[in-house]
Protein chains: 2
Amino acid sequence: MNERLAARGFRFTSQREHVYKVLLQERDHPTAEQVFLRAKKGLPDISMATVYNCLDALVKCRLAREVNVDRTAMRYCPNMQDHFHFYCDTCGGVFDIECLAGAHAGEFAIPKGFAARRYEISIHGDCPKCSTKSSRAKRNDS
Amino acid sequence: MNERLAARGFRFTSQREHVYKVLLQERDHPTAEQVFLRAKKGLPDISMATVYNCLDALVKCRLAREVNVDRTAMRYCPNMQDHFHFYCDTCGGVFDIECLAGAHAGEFAIPKGFAARRYEISIHGDCPKCSTKSSRAKRNDS
DNA sequence: CTAGGTGCAAAAGGTTTGCGGTTAA
DNA sequence: TTAACCGCAAACCTTTTGCACCTAG
């Protein structure tokens with residue numbers, strides 16, 4: 001990662017290294033706060049601001065992506081392959097969904113004149129664990 | 001809209017009526033604050049909290065949708081037909097994109113066990129106005 | 001040596017909440 | 001009549017910023 005940081009003019013610091021390691025360790029799309037709590041185990045003096053700074057640096061040098069779900073806290077994802085996300089309505093988990101390469105560009109009726117640069121697809125529903133649970137429980141929801 | 005509100009146990013109030021009218025009037029996906037400013041013209045004493053309450057009621061009784069762009073303020077959209085959004089990177093505008101009915105369900109390699117309930121597709125790029133402007137200007141961006 | 005990074009605390013931006021008074025049904 | 005709603009202000013949560021000190025290059 002040193003080269004990646006350097007390529008964009010960022011310095012290599014122990015905090016950035018550690019935050020990246022934390023991100024790679026448990027690929028569950030943690031929020032900044034979750035990263036902060038995990039990072040503190042190895043680097044007890046790290047601050048929230050530094051975690052944000054480190055995550056920002058990782059995003060800028062393309063070692064991580066930001067993942068947005070509704071208005072909840074930003075989540076971070078070190079999977080840089082082209083992929084989408086599945087959001088579980090029940091447990092709140094975020095799962096990577098592989099993207100069938102280049103399959104989408106022509107799919108939408110984008111009116112003339114719009115210059116599309118980036119697609120983002122989110123799929124909401126129940127993850128395998130929660131979908132078997134809820135079909136067993138047959139719970140009544142709002 | 002009275003029936004729609006009543007159907008979900010909401011009362012019909014002048015504030016809710018007015019906020020809905022404001023939303024229909026200018027379909028540019030305004031933020032709560034923009035709705036607030038526009039609503040004040042007709043209802044000078046309305047408060048931000050009430051605007052949030054009204055928008056929330058409209059969303060809950062399916063007269064409006066919430067539209068999320070990155071981490072900016074929530075936007076509101078009274079177009080209840082199935083559609084996606086195009087976000088202009090240059091002017092920040094949000095545009096409705098018609099959805100080719102049911103065209104997407106099979107497109108993604110969703111692993112077995114995931115129960116998809118809702119798809120959300122955002123397309124980022126330049127709107128017609130900005131894309132002609134930028135091709136004329138040939139500006140160097142970050 | 002020094003530009004950039006760190007940690008802290010305080011502020012910002014968007015949204016939600018608690019509360020006393022008001023109103024639709 | 002009364003539960004729901006309103007307006008206000010204060011709280012809340014996530015993210016950003018200002019600043020003094022520190023450190024990688």
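To find a chain, count down the sequence lines: A is the first, B the second, and so on, and within it residues start at 1.
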Next item on the list: For residues A:C77 and A:H85, determine if any side-chain heavy atom of one lies less than 4.5 Å from a side-chain heavy atom of the other.
Entry: yes
Note to self: Give me the atom names and distance for the closest heavy-atom approach of A:F12 to A:N2.
What the structure shows: CB-OD1, 3.7 Å
Next item on the list: Looking only at non-hydrogen atoms, find the nearest pair between A:R27 and A:L24 and report the distance.
Entry: NH2-CD2, 3.4 Å
Notebook entry, point to check: Any ring-ring contact (aromatic ring centres under 6.0 Å, His included) pairs touching residues 32-68 of chain B, not counting sequence neighbours?
Noted result: none
Margin query: Same cluster or not: B:F114 versus A:V94, using hydrophobic residues (I, L, V, M, F, W, Y) connected whenever any side-chain heavy atoms lie under 4.5 Å apart?
Written below: no
Check: Using rotation axes that map the C1' atoms of four end pairs onto the next four (five pairs an end), what angle separates the end axes of the helix from C:dC1-D:dG25 to C:dA25-D:dT1, to 10°?
Finding: 40°
Next item on the list: Can you sort out the partners of B:A116 under side chain to side chain contact (heavy atoms under 4.5 Å, CB included), two or more places apart, ordered by chain and number?
Entry: A:F86, A:I123, B:I110, B:Y119
Check: Rounded to whole angstroms, how far apart are CZ on B:F36 and C1' on D:dC8?
Finding: 11 Å
Item checked: Nucleic acid contacts of residues 64-72 of chain A, taken as heavy-atom distances under 4.0 Å to DNA chain D -> none
Distances for protein N/O vs nucleotides 9-11 of chain D N/O pairs under 3.5 angstrom?
none

Checklist line | Non-neighbouring partners of A:R75 that pass side-chain hydrogen bond (donor to acceptor under 3.5 Å, both in side chains), sequence neighbours left out | finding: none
Side-chain donor/acceptor pairs under 3.5 Å, residues 58-72 of chain A, sequence neighbours excluded:
from: A:K60; atom 1: NZ; to: A:D56; atom 2: OD2; distance (Å): 2.7
from: A:R65; atom 1: NH1; to: A:H83; atom 2: O; distance (Å): 3.4
from: A:R65; atom 1: NH1; to: A:H83; atom 2: ND1; distance (Å): 3.0
from: A:R71; atom 1: NH1; to: B:T72; atom 2: O; distance (Å): 2.9
from: A:R71; atom 1: NH2; to: B:T72; atom 2: O; distance (Å): 3.1
from: A:T72; atom 1: OG1; to: A:V69; atom 2: O; distance (Å): 2.7

Notebook entry, point to check: Where is the tightest heavy-atom contact between A:P30 and A:E26, given as atom of each residue plus distance?
Noted result: CD-O, 4.3 Å
Checklist line | B:E120: side-chain hydrogen bond (donor to acceptor under 3.5 Å, both in side chains) partners, not counting sequence neighbours | finding: B:R118
Item checked: DNA chain D: 5'-proximal contact among B:V51 and A:R75 (nearest heavy atom) -> B:V51
Checklist line | Sub-4.5 Å side-chain heavy-atom contact between B:H29 and B:D96 | finding: yes
Next item on the list: Under 4.0 Å from any heavy atom of chain A: name the first and the last nucleotide of DNA chain C that qualifies, 5' to 3'.
Entry: C:dA3 to C:dT15
Next item on the list: Locate the shortest heavy-atom distance separating B:I121 from B:F84; write the atom from each residue and the value.
Entry: O-CB, 3.2 Å
Checklist line | Summary of side-chain hydrogen bond (donor to acceptor under 3.5 Å, both in side chains) pairs that have at least one residue in residues 12-24 of chain B, sequence neighbours excluded | finding: B:R16-B:N53
Note to self: Tell me the closest heavy-atom pair linking B:V51 and B:A32, and the distance in Å.
What the structure shows: CG1-O, 3.7 Å
Next item on the list: Round to a whole Å and report the spacing from NZ of B:K60 to C1' of D:dC5.
Entry: 14 Å
Next item on the list: Tell me what B:M74 touches on the nucleic acid: a base, only sugar-phosphate, or nothing, going by heavy atoms under 4.0 Å.
Entry: sugar-phosphate
Check: Rounded to whole angstroms, how far apart are CE on A:M48 and C1' on D:dT14?
Finding: 8 Å
Checklist line | Distance, rounded to the nearest Å, where B:Y52 contributes OH and D:dC5 contributes C1' | finding: 18 Å
Next item on the list: Please list, by residue number, the residues of residues 10-27 of chain B whose heavy atoms come closer than 4.0 Å to an atom of DNA chain D; answer none if no residue qualifies.
Entry: B:F10, B:R11, B:T13, B:Q15, B:R16
Notebook entry, point to check: OP1 or OP2 of D:dG7 less than 4.0 angstrom from a side-chain nitrogen or oxygen of B:S47, does that happen here?
Noted result: yes
Next item on the list: With sequence neighbours excluded, tell me which residues meet ring-ring contact (aromatic ring centres under 6.0 Å, His included) with A:Y87.
Entry: A:H124
Checklist line | Which atom of B:C127 lies closest to which atom of B:C91, heavy atoms considered | finding: SG-SG, 3.9 Å
